Amino acid sequence: MKAPLMLRIHTKRGDKLFLYIQIIFWLAYVLVDVGIFLNKILLFGVLAAALGTISIILAVKSYSYLNLRITPERVEVGRLKIPLDRVREIRVLRSNDSTADLSIVYEGGEKAIKEVKNWEEVLETFQRYKESVI
């Protein structure tokens, strides 16, 4: 079986933030519709714009939780993009039934990721990518 082209690392916090951002955008959309229906578009439009701004700020501030992925070329943890040949290993620090804390060991440091939901799939995909590099 071939490894996928890209695998998103699902964390509890990242999934929760993604859901919050979707709900805020949905509320902004509903506010604009209510404003059109009640003929008070300016009031509801300003409220929707405020919600949209809050959602954008939330997404920018939590970028490191939302951008966690592993590709055949690199491992991305927020703004940190580590080439796959520099990554030595990905190991499990602590695991529960459904989540685990992972540690990415690379040349020059180590990065911990907490509460990863699909940790088994991440380890398996990383091994496949490392085998294809060698």
Side-chain angles (χ1 to χ4, degrees):
M1 184 173 149
K2 295 176 83 174
L5 295 177
M6 190 252 339
L7 178 68
R8 183 174 178 271
I9 301 172
H10 295 276
T11 61
K12 278 188 173 181
R13 187 169 184 179
D15 288 350
K16 196 181 301 183
L17 286 169
F18 185 71
L19 183 66
Y20 289 161
I21 290 170
Q22 284 183 333
I23 290 172
I24 290 172
F25 273 127
W26 180 80
L27 284 174
Y29 175 76
V30 169
L31 280 176
V32 168
D33 285 349
V34 168
I36 291 171
F37 181 70
L38 296 177
N39 202 16
K40 302 221 187 267
I41 188 66
L42 184 60
L43 173 67
F44 287 98
V46 168
L47 290 174
L51 281 175
T53 304
I54 290 170
S55 178
I56 290 170
I57 290 171
L58 183 65
V60 168
K61 292 287 186 183
S62 60
Y63 183 74
S64 62
Y65 296 106
L66 296 173
N67 188 32
L68 297 170
R69 60 184 56 143
I70 181 170
T71 67
E73 295 88 26
R74 65 181 170 258
V75 176
E76 298 178 11
V77 181
R79 292 187 176 96
L80 182 65
K81 293 173 178 41
I82 310 162
L84 198 65
D85 57 351
R86 289 185 53 210
V87 177
R88 291 190 187 134
E89 68 175 330
I90 297 178
R91 62 179 171 207
V92 177
L93 297 176
R94 202 174 307 117
S95 71
N96 299 348
D97 292 337
S98 60
T99 64
D101 295 345
L102 297 182
S103 174
I104 300 172
V105 180
Y106 60 96
E107 294 175 12
E110 182 175 351
K111 185 73 174 171
I113 305 172
K114 295 183 179 180
E115 295 181 332
V116 176
K117 289 182 177 179
N118 61 339
W119 61 275
E120 293 168 332
E121 191 176 1
V122 169
L123 294 175
E124 180 182 324
T125 303
F126 176 72
Q127 288 300 322
R128 287 188 180 150
Y129 286 160
K130 284 302 265 191
E131 289 170 359
S132 67
V133 168
I134 297 174

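Model, not experiment: these values are computed from the prediction.
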Please name the residue in the list Asp15, Asn67, Asn118 that meets the side-chain hydrogen bond (donor to acceptor under 3.5 Å, both in side chains) test with Arg8. Asp15
Check whether more than 12 heavy atoms from other residues, nucleotides or ligands sit under 6.0 Å from atom CZ of Arg86, and answer yes or no. yes
Has the side chain of Ser55 got a donor or acceptor atom that lies under 3.5 Å from a matching backbone atom of Leu51? no
CD1-CZ distance between Ile54 and Phe25, expressed to the nearest 0.5 angstrom: 11.0 Å
Less than 4.5 Å apart, any side-chain heavy atom of Leu43 and any of Leu38? no
Check Gly35 against Phe44 and note the closest heavy-atom contact, atom names and distance. CA-CD1, 3.5 Å
Trace of the side chain to side chain contact (heavy atoms under 4.5 Å, CB included) decision for Ile90 with Ile70: CA-CA 11 Å; Ile90 297 178; Ile70 181 170; 4.3 Å; yes
Which value, rounded to the nearest 0.5 Å, describes the distance between Gln127 atom CD and Glu124 atom CD? 9.5 Å
Approximate separation, where rounding is to 0.5 Å, of Ser98 OG and Lys12 NZ: 5.5 Å
Can you tell me how far apart NZ (Lys114) and OG1 (Thr99) are? Round to the nearest 0.5 Å. 12.0 Å
Approximate separation, where rounding is to 0.5 Å, of Asp101 CG and Asn96 CG: 7.5 Å
Would you say Arg91 and Glu110 make side-chain contact, with heavy atoms under 4.5 Å? yes
Any side-chain heavy atom of Tyr106 within less than 4.5 Å of one from Val75? no
Are Leu102 and Val92 side-chain neighbours, meaning at least one heavy-atom pair lies under 4.5 Å? yes
Using a 3.5 Å distance criterion without hydrogens, assess whether the side chain of Lys130 forms a donor-acceptor pair with backbone atoms of Leu84. yes
Where do Gly78 and Leu68 come nearest, in terms of heavy atoms and distance? N-CD2, 4.2 Å
Check the hydrophobic clustering (I, L, V, M, F, W, Y; side-chain heavy atoms under 4.5 Å; chains of links allowed) and say if Phe18 and Ile56 are grouped together. yes
Is it true that Val32 and Trp26 fall in one hydrophobic cluster, defined by side-chain heavy atoms closer than 4.5 Å? no
How long is the gap from CG on Leu7 to CZ on Phe126, to the nearest 0.5 Å? 12.5 Å
Looking at Lys81, I want to see if its NZ is surrounded by more than 12 non-hydrogen atoms of other residues, nucleotides or ligands under 6.0 Å. yes
How far apart are the closest heavy atoms of Ala28 and Ala48, and which atoms are they? O-CB, 3.4 Å
If hydrophobic clusters are built from ILVMFWY residues whose side chains come within less than 4.5 Å, do Ile9 and Leu123 share one? yes
Has Arg69 got more than 12 heavy atoms of other residues, nucleotides or ligands less than 6.0 Å from its CZ? yes
Membership question, hydrophobic clusters at under 4.5 Å side-chain separation (ILVMFWY): are Leu47 and Ile23 in the same one? yes
If two hydrophobic side chains count as joined below 4.5 Å and joins carry through other members, does Val46 share a cluster with Ile41? no
With a cut-off of 6.0 Å (strictly less than), are more than 12 heavy atoms of other residues, nucleotides or ligands near CG of Leu19? yes
Counterpart residues, salt bridge (Lys or Arg N to Asp or Glu O under 4.0 Å), relative to Glu76 (two or more places apart): Arg74
